Structures are given as structure tokens and as C-alpha cells.
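Here's the structure, in C-alpha cells; my notes come after.
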Amino acid sequence: MRLSRYFLSILREVPKEAEIVSHRLMLRAGLIRQEAAGIYAWLPLGFRVLQKITQIVREEMDRVGAVELLMPTLQLADLWRQTGRYDAYGPEMLRISDRHKRELLYGPTNEEMITEIFSAYVRSYKDLPKLLYHIQWKFRDELRPRFGVMRGREFLMKDAYSFDVDEAAARISYNKMFVAYLRIFARMGLKAIPVRAETGPIGGNLSHEFIILAETGESAVYCDSGILDLPVPGPDMDYEHDLEPLIGDWTNFYAATGDVHDAARFERETQASKRIHTRGIEVGQVFYFGEKYSKPMRALITHADGSERPFQGGSYGVGVSRLAGAIIEASHDENGIIWPESVAPFKAGIADLKPGDPATGQVCEEIYASLQKAGVEVLYDDTGERPGAKFARLDLIGLPYQIIVGPKSLAEGTVELKVRATGARKNLPAAAAIGHLAGR
RNA sequence: CGGGGUAUAGCGCAGUCUGGUAGCGCGGAAGUUUUGGGAACUUCAGGUCGCAGGUUCGAAUCCUGCUGCCCCGACCA
């Protein structure tokens, strides 16, 4: 993409309303624009990031055998009345009525709807287990939205739902999702740790929150450093094997957020040298809830013995739009964002330091064409800005690599390749720079 | 929802106390000189001063009501 034809407007000054670093950088780098409290438009550069995050989530869901569908944002109030949640939910639910005075709501979640859909088609134990998911915008009318997309009112979520015949089977589904989550966050360059979460009135111990570590995170985190060194399963992970031992590895270490932290237990279970106290951001939760929805909604499964029983359900959320902010919290410096390559809006930026000069222009064009041909996503700064402005802008938007083409290095037959994360630069011939980015 | 702020050009702000017909910086446009870490100068464009009433010869400024937005707390993916 040529920057001169793109739609990108960066801000030099910091918008006043933004308190935390990710919010400031997202506004400054032209990723988002606030349209109302907690409601944002995703500008082209930000939208690309959102798409990258979405795609990683999608790939990992597909890998565990989850099946994607798409449910609407608007739901009928009557559906929620079946579980009593319409009245229980409170003012966080955005209630709407249509021209016929029919009561609707903008969905804050979809358990009722997926249960209704599932039970309309599936009756037999032979059809289980099933995992379904969708990636959709949701709305919660937060009293006080803040932190940009980290806590908006409208937000993009991946919600997965599991359907099983009994608790033992449900646990298998839960474990699959647990492992998929480890992979999702690792692929985004994040250190994520599962933390045992409150399960509310349902009971049981099958709920974990996934916290990514970021020093500017919103909640305190206490954990055993051992959990940070655990290897995340690779893409060849066999999800059909027994995952209990693996889950055990990840859940045996002490890990807690500030609100549930037990200092005495922490000291008892963790050696002093391995105690870590840092901060983090919740980006996902996995949850087994049994018959919470299937029972009141009479979503019954016929078992082998002829009996009919509600299915055992679980739900698994990932805050997709929140992740965009969370990744920045975890990866930035004083000059701007440092995108992990997997979610970067473009892999590289090319800067022509002397726009109008035939020599630098031609080399830039060649590099641009070659990278495009090789399928490398690249943003070519072909504008007439001065070098300093181009450097500052590229650093701010945080593309992993910068190819800097200026008369100085060109006189020696080289261009400069800069790695955003480390600041490392080296001069090398254009062909070598292309080869480096295009992979062998 | 309690407490505290704030609203003036795309962004950051001054002007409000003491009423007199709107200003600065960034950003945008044009030109000249520049050109390896957010250039300098000149010129230009851009505002129903959040909205609605009221007081006044005259309101960004004073009064009343409303709304948006932000911060702290409680709450949350």
C-alpha cells in the first residue's frame, strides 16, 4: 500500500481524554476514533490489526474442531426471559424496541440464543460433543467506559460454546479450549497465564481467566515464575489426546489476580525467589456452567438409555477488540507501538528519504514491487514528508521492519533495514533486504 | 450510581473573574528556501464559542435548565 493513497492520519499531540498508553497510542497512530463514550470506529490501520487478531482466534478455534457461525447483535427480550436474565441483567443491557413496540436488546452475550439454536436441531447423544463459536460485536452499557478499546461499551468478542452429554465429556471440551487459548495468546506474542476464576453460583472449579502480563495492566497479578517458562503447545498439538496432564502443568502453579490473592498460600506454595508480582489484563475466560441454560430452556438430549437430560454446557470468551489495546500495553516504547509480527497491520514500511529523487524513488519502487509480489504486506511511505517526520511516523505505528532508502546509503549501494522492536539497523543491498523480509 | 472536572477550528489550549463582536500552537492549503530523527519564513482557509431559554443597547463571558465528554470510587471481557 502506498501511504499517499492510504487513509492514515497520525496525531502529534496527545488527545486529552486518553489516560493509558494503549489508548493514547491508538489515537495518535490513527487506529481508532471515538464516536461516543466507549464506542469507536476502527480506522484502516486499526481495522487491519483487528482482522489479524480475529484471524488468529479463528484459526485456533478451527484447530480444536470448533465450528464458526454468526448470530445477530439484536435479540428478542422473550428469549432472555426464558432464563430470567432479562430482568436479572440490569441497566448494563441495552434495551431497544422496534416500531411494533417489540422488546429487543443488543446482545451482551449469546448463551440463550446458542442454546435455542442448538436445541432446535440436536436431540441425540450421538451428535455430541459439539463446539460452536462466533465472533461478533456486543454491547454492555458500562457505567463508566474507559481505557479506550480496553473497556468500551461496544466490543468485539469471540464466544465459543460447548455441548456435551455429561460432565466428564464437558471437561474434555473445556480442556481443548484451555489449550487453544494458550496458543492464541502465544501467537500474538503475549505471555498469558491462566488464573482460577470465580464460578459464581454454579460451583465447580472449571473456570479460568487468561491474563496477559503487562506492566501497565489494570489488575495486580501474583504468580510463580515457573508458569512463565512452560512451553506452549505447537501447531501440531493433538487435541484428541488426554489433555489433563498438560492442563495440570499449567494450573498447579500459584497464579492469582489481586482480588482473589491469598498471600499466605502464595508464600506457602511458592519459593521466595520464584514469586512474581506484576500486573496484567484479562483477555479471555473459559467457563463450564453445566445445565445453567439447557435446563431452564429445556434443551434436552436423548441418551443411549432413552432418558432425556439437558446438555452440559460451557462458554469461552476472548475479548478481540480489547486485545488490540492489551497487545500495545504489553509492547510499546517511548516512540510508539511495537507490533508483534503476527498482528502487525503491515509487516514492513518503506521510507523514501528523498522524495522526488529518481535514484531513491526507483529503488523504493523496486523493493515495493518485489515485496508485494512475495506476498509481504508493506506500507510504502512515498509522501513528500521530511525524513524526521517519516521516521517518527513509522516508529509510532510500529511496523516490525523499516526499510529506509536514502541517498547516503544508496551511494554505497545499500539500503537500511531497521528492526522496530530492537532498534537494530543494518545496511545491506536492496535484494538482501527483500530476501530477508520475503523469507527464504 | 456517588464525588470532581470540563465543553471555544480536525487536535492541544488561552480568552470567562472585570460583557464590547474570537485568538495562539499543532495539523490543512499555496509559495520560497530546505532535506538522515516530527524544518524556517511568508500568505491563506477553517469557529451558529455543546444545546435551549433568560438578563442586557450588546453575551464565549452573567443567570436558569438540559446534554455530551473526562477523571476518582463502586462494577465489569
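A quick note: this is a predicted structure, and the numbers were derived from the prediction, not measured. In what follows, every chain begins at residue 1, and chains take the letters A, B, ... in the order their sequences are listed.
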Length of the line joining A:D381:CG and B:G36:C1', which is rounded to integer Å: 14 Å

Nearest-nucleotide pick for A:R140, side chain only, options being B:C11, B:G38, B:C76: B:C76

Can you give me every donor-acceptor pair (side chain of residues 393-403 of chain A, partner residue at least two apart or in another chain, under 3.5 Å) with its distance?
residue, atom, partner, partner atom, Å
A:R393, NH2, A:D381, OD2, 3.1
A:R393, NH2, A:T383, OG1, 3.3
A:D395, OD1, A:Q402, NE2, 2.8
A:D395, OD1, A:K418, NZ, 3.0
A:D395, OD2, A:K418, NZ, 3.4

Heavy atoms from other residues, nucleotides or ligands near CD of A:E167 exceed 12 (cutoff 6.0 Å): no

Pair partner, B:A45 [Watson-Crick or wobble, under 3.5 Å]: none

Salt bridge (charged side-chain N to carboxylate O under 4.0 Å, His left out) contacts touching residues 35-55 of chain A (sequence neighbours left out): A:R33-A:E35, A:R48-A:E377, A:K52-A:E377

Donor-acceptor side-chain pairing of A:E112 and A:Q82 below 3.5 angstrom: no

Length of the CD1-C1' vector between A:I211 and B:C76, whole Å: 13 Å

Members of residues 412-421 of chain A that approach RNA chain B, where some heavy atom sits under 4.0 Å away: A:E416, A:K418

Touch class at under 4.0 angstrom, heavy-atom based, for A:G406 against every strand present: base

Pairwise C1' distance, B:U55 and B:G38 [rounded to whole Å]: 49 Å

Residues forming a ring-ring contact (aromatic ring centres under 6.0 Å, His included) with A:W80, sequence neighbours excluded: A:Y89

Rounded distance in Å - CZ (A:F391) to C1' (B:U35): 11 Å

For A:F147, all residues meeting ring-ring contact (aromatic ring centres under 6.0 Å, His included), sequence neighbours excluded: none

Residue among A:W250, A:Y316, A:F210 satisfying ring-ring contact (aromatic ring centres under 6.0 Å, His included) with A:F178: A:F210

A:R12 side-chain N/O to B:G27 phosphate OP1/OP2 under 4.0 Å: yes

Distance, P atom - from B:A60 to B:C49, rounded to whole angstrom: 7 Å

Counterpart residues, ring-ring contact (aromatic ring centres under 6.0 Å, His included), relative to A:Y86 (two or more places apart): none

P gap between B:C66 and B:C71, integer Å: 24 Å

Of the listed nucleotides B:G10, B:U34, B:C75, the one nearest the side chain of A:E142: B:C75

Side-chain donor-acceptor contact under 3.5 Å, A:Q285 with A:S207: yes

Presence of donor-acceptor pair under 3.5 Å, side chain of A:E13 and base of B:G27: no

N/O donor-acceptor pair, side chain A:R28 with base B:G38, under 3.5 angstrom: yes

Base-pairing mate for B:C1 - Watson-Crick or G-U, with both contacts under 3.5 Å: B:G73

Sugar-phosphate only, base, or nothing, as touched by A:G325 at under 4.0 Å among non-hydrogen atoms: nothing

Footprint string (nucleotides 66-72 of chain B, 5' to 3'): B base within contact, S backbone only, - free, heavy atoms under 4.0 Å: ---SSBB

Most 5' of A:V405 and A:M150 on RNA chain B, judged by nearest nucleotide: A:V405

Sugar-phosphate only, base, or nothing, as touched by A:V318 at under 4.0 Å among non-hydrogen atoms: nothing

P gap between B:G46 and B:C41, integer Å: 23 Å

Atom pair distance, as rounded to whole Å: CG in A:L43 and P in B:C11: 13 Å

B:U61 to B:G65 separation - P atoms, rounded to the nearest Å: 16 Å

Separation of B:A74 C1' from A:E92 CD (nearest whole Å): 12 Å

Side chain to side chain donor-acceptor pair (under 3.5 Å) partners for A:H261, two or more places apart: A:Y254

Proximity to RNA chain B (any heavy atom under 4.0 Å), residues of residues 328-354 of chain A only: A:L353

Pairs flagged by salt bridge (charged side-chain N to carboxylate O under 4.0 Å, His left out) wherever residues 341-351 of chain A is involved - sequence neighbours left out: A:E341-A:K347

Touch class at under 4.0 angstrom, heavy-atom based, for A:S409 against every strand present: base

RNA chain B: 5'-proximal contact among A:Q402 and A:P15 (nearest heavy atom): A:P15

Sugar-phosphate only, base, or nothing, as touched by A:I10 at under 4.0 Å among non-hydrogen atoms: base

Pairwise P distance for B:G25 and B:A40, with rounding to whole Å: 12 Å

Protein-nucleotide distance (A:E218, atom CD; B:G73, atom P), rounded to Å: 12 Å

Nearest-angstrom distance from the residue atom CG of A:L3 to P of B:G38: 19 Å

Sidechain-backbone polar pair: A:R279 side chain, A:V221 backbone, donor-acceptor under 3.5 Å: no

Partner residues of A:Y380 under the ring-ring contact (aromatic ring centres under 6.0 Å, His included) criterion, sequence neighbours left out: A:Y368

Counterpart base for B:A14, defined by Watson-Crick or G-U wobble contacts under 3.5 Å: none

Spacing of the P atoms in B:A22 and B:G50 (rounded, Å): 15 Å

B:U56 pairs with, by Watson-Crick or G-U criteria that keep both distances under 3.5 Å: none

Paired nucleotide for B:G27 [Watson-Crick or G-U wobble; both distances under 3.5 Å]: none

Pairing partner (Watson-Crick or G-U wobble, both distances under 3.5 angstrom) of B:G36: none

Distance, C1' atom - from B:G47 to B:A30, rounded to whole angstrom: 22 Å

Spacing of A:F139 atom CZ relative to B:C76 atom P, expressed in whole Å: 18 Å

Main-chain N/O of A:G280 paired to A:S219 side chain as donor or acceptor, under 3.5 Å: yes

Selection residues 406-431 of chain A - residue pairs positive for ring pair (Phe, Tyr, Trp, His ring centres under 6.0 Å), sequence neighbours left out: none

Pair partner, B:C51 [Watson-Crick or wobble, under 3.5 Å]: B:G65

